Amino acid sequence: MPTFDGDFSPPPGRFAIIAARFNSMITEALLSGCRDAFARHGVADDRLDVAWVPGSFEIPLVARKMAETGRYAAVITLGCVIRGETGHYDHVAGQAAGGVLQAGLATGVPVIFGVLTTETVEQALNRSGLKAGNKGVDAALAAIEMVNLLRRIEG
């Protein structure tokens, strides 16, 4: 029985990174971690295209548009939604997640969900490089692994 597995060798192609400006202190740290992870895995910075959007709610549309161009091996989404006093958080976080999922399913291009959804600013800071690693790194690694996995599956 064949087993398919991705790895972390440098895949060919360009990568799109979409970053939300809202909560930019967090998203800039995520972007830095993402770029660093790509560099450490042999993907040069000149193979990365970055698109800035106003907030996490706007990420899915741009993710789909970039994936549809056929220019990118994968699309990485970076954002940060922090729970507040209203239900706004639930709508933004849910729609961002669902939209990112749909972008990948509709295009067949890996679209990686690197949007933090946290209860507090402290949690967001911790997940963007302070105490709990940098989720931007994780998003880059997921993109590399998925590109390599799909290449193996498609033969």
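Being a predicted model, the structure only gives us computed values, none of them experimental.
Legend: salt bridge (charged side-chain N to carboxylate O under 4.0 Å, His left out) pairs involving residues 47-57, not counting sequence neighbours, sorted by first then second residue: Arg14-Asp49. Every pair tested for ring pair (Phe, Tyr, Trp, His ring centres under 6.0 Å) that includes a residue from residues 132-155 fails, sequence neighbours excluded, so the list is empty. Sequence neighbours left out, the pairs with a member in residues 54-69 that pass salt bridge (charged side-chain N to carboxylate O under 4.0 Å, His left out) are Arg64-Glu68. Pairs of residues two or more places apart, or lying in two chains, that qualify as salt bridge (charged side-chain N to carboxylate O under 4.0 Å, His left out) and include a residue from residues 98-124 are Arg83-Glu119.
Summarising the geometry of Gly79 relative to Ser56, their closest heavy-atom pair is CA-OG, 3.6 Å, with the distance given to 0.1 Å. Closest approach of Thr77 to Ala63, counting heavy atoms only: CG2-CB, 4.1 Å.
Leu61 belongs to no hydrophobic cluster with other residues, because no ILVMFWY side-chain heavy atom falls under 4.5 Å from its own, directly or through intermediates.
Legend: residues meeting side chain to side chain donor-acceptor pair (under 3.5 Å) with Asn126, ordered by chain and number and at least two apart, are absent. Every side chain to side chain contact (heavy atoms under 4.5 Å, CB included) that Arg71 has, sequence neighbours left out, goes to Thr69.
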Listing, residues 92-118 side-chain donor-acceptor contacts under 3.5 Å, not counting sequence neighbours, or none:
unit_1	atom_1	unit_2	atom_2	d
Thr107	OG1	Ala103	O	2.8
Thr107	OG1	Val109	N	3.2
Thr118	OG1	Thr120	O	3.1

Going by atom type alone, with no hydrogens or angles, which donor-acceptor pairs under 3.5 Å involve a side-chain atom of residues 15-38 and a protein atom two or more places apart or on another chain?
unit_1	atom_1	unit_2	atom_2	d
Asn23	ND2	Cys80	O	2.8
Thr27	OG1	Ala20	O	2.7
Arg35	NE	Asp45	OD1	2.9
Asp36	OD1	Arg40	NE	3.3
Asp36	OD2	Arg40	NE	2.7

Show me the side-chain donor-acceptor pairs of residues 140-154 shorter than 3.5 Å, one per line, residues at least two apart or across chains.
unit_1	atom_1	unit_2	atom_2	d
Asn148	OD1	Arg151	NH1	3.4
Asn148	ND2	Asp7	O	3.0
Asn148	ND2	Asp7	OD1	3.0
Asn148	ND2	Ser9	O	2.9
Asn148	ND2	Ile144	O	3.4
Arg152	NH1	Asp5	O	3.1
Arg152	NH2	Asp7	OD2	2.6

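Hydrophobic clustering, with ILVMFWY side chains joined whenever heavy atoms are under 4.5 angstrom apart, groups Leu48 together with Leu78.
Going from atom OG1 of Thr3 over to atom CE of Met1 covers 6.5 Å, rounded to the nearest 0.5 Å.
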